[in-house]
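A quick write-up on the structure given underneath.
First listed ligand is number 1; within each ligand, the first listed atom is number 1. These values consider heavy atoms only, across backbone and side chains, with no hydrogens, waters or symmetry-generated copies. Remember, it's a predicted structure, so these values are computed and weren't measured experimentally.
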Amino acid sequence: MRVLVVGGAGYIGSHMCKLLAGRGHEVVVFDNLVTGHREALRWGRFVEGSLHDAAALDALFTQHRFDAVIQFAASIAVGESVREPLDYYRNNVGGTLELLTTMKRHGVRRLVFSSTAAIFGTPQYSPIDENHPHAPLSPYGHSKLMAEQVLRDAAAAGHLDAVALRYFNAAGADPEGELGEAHDPETHLIPLLLKAALGQVPPVTVFGSDYDTEDGTCVRDYIHICDLCEAHLLALSYLQDNPGFSAFNLGNGKGYSVKQVLAVVAQTIGRAVPTVMGPRRAGDPARLIASSELARSKLGWQPKMPELETIIRTAWRWHQAPGF
Ligand code: UDP
């Protein structure tokens with residue numbers, strides 16, 4: 001397939017490009033490099049540009065014939081979205097709208113879209129399946145839910161076919177050490193703990209120890225980045241026989257508390273990890289665990305690296321020798 005990867009210079013997008021190229025697909029990346037990394041662009045062709053530039057998008061779709069598009073480009077920091085909601089709606093809803101309009105104009109129908117567990121808000125039951133009500137707690141979550149609604153409506157009108165994949169906690173890195181997670185500033189737990197162990201950041205604050213969980217810290221469902229990318233490949237195949245709009249939750253169905261993650265990190269890397277206890281972070285539900293039964297049955301998805309230790313070991317390899 002000839003696949004356009006929008007946001008292919010980012011954490012998930014770059015891993016996706018490597019996987020697509022490794023399976024013999026033709027890859028073109030479109031990225032504005034605001035948060036992505038030029039050094040991560042090692043697979044496929046690169047076109048620098050913004051989703052807000054309709055002329056650049058039109059030129060991209062005129063120069064290349066795409067069989068499918070994967071849309072990763074988005075602003076992703078929950079806290080920032082509360083402070084700068086307009087930026088989040090502009091990038092995540094407006095940018096996606098521009099992309100869809102261009103796809104429609106050029107007759108490209110198939111889209112896989114990066115969505116998030118943040119569309120669900122505080123869980124009403126656990127694990128969270130696709131029937132769980134949507135009640136985002138942040139502009140970030142709302143922006144992703146709105147984009148899903150746009151996809152649903154455009155699919156119903158017959159303009160495109162789309163799969164939205166709701167990620168729980170993406171983590172880990174390319175097992176060959178060529179790619180990793182490098183956000184600036186880094187806010188995610190596992191890379192922060194690894195950076196703290198390396199002395200690159202101050203001790204990590206544990207956000208709250210008074211939650212209604214086994215040890216009082218928040219529980220999350222961590223999923224290896226490569227397993228996440230495999231689900232996108234399966235979604236591309238699924239779209240060939242299943243037009244319209246579909247959505248799948250992606251996680252391992254197993255939760256780890258912040259304290260448990262800390263213990264597995266320390267054990268896996270054989271170093272102490274400096275942490276301090278702190279207050280809760282606004283908008284953090286106590287427990288977020290996915291039911292991915294639908295992805296397993298409909299997409300045939302089967303995570304290959306579900307163990308937290310594997311996720312951490314691959315991330316640690318990259319953090320010790322980051323390529324960028
Ligand atoms: N967390 C923490 N300290 C940090 C960053 C994260 O205690 O410096 C906790 C956070 O409250 C959540 C879990 O680690 O329960 C995972 O957070 P992350 O930001 O990695 O992902 P999110 O769940 O927000 O998508």
- Taking atom types as modelled, is there a side-chain donor on E214 or S257 under 3.5 Å from an acceptor on the other? no

Side-chain donor-acceptor pairs under 3.5 Å in residues 39-51, sequence neighbours left out?
from, atom 1, to, atom 2, distance (Å)
R42, NH2, E178, OE2, 3.1
E48, OE1, R38, NH2, 3.1
S50, OG, H52, N, 2.9

- Task: Scan side-chain atoms only and decide if H37 and S14 contain a donor-acceptor pair under the 3.5 Å cut-off.
- Result: no

- Task: Answer yes if the side chains of E80 and Y140 hold a donor-acceptor pair under 3.5 Å, and no otherwise.
- Result: no

- Task: Would you check ligand 1 and list the protein residues that come within less than 4.0 Å of it by any heavy atom, ordered by chain and number?
- Result: N169, T187, H188, L189, L192, V204, T205, V206, F207, C218, R220, Y222, V258, R281, D284

- Query: Is atom CZ of R152 surrounded by more than 12 heavy atoms (other residues, nucleotides or ligands) closer than 6.0 Å?
  - Reply: yes

- Item | Approximate separation, where rounding is to 0.5 Å, of Y11 OH and L179 CG | 10.0 Å

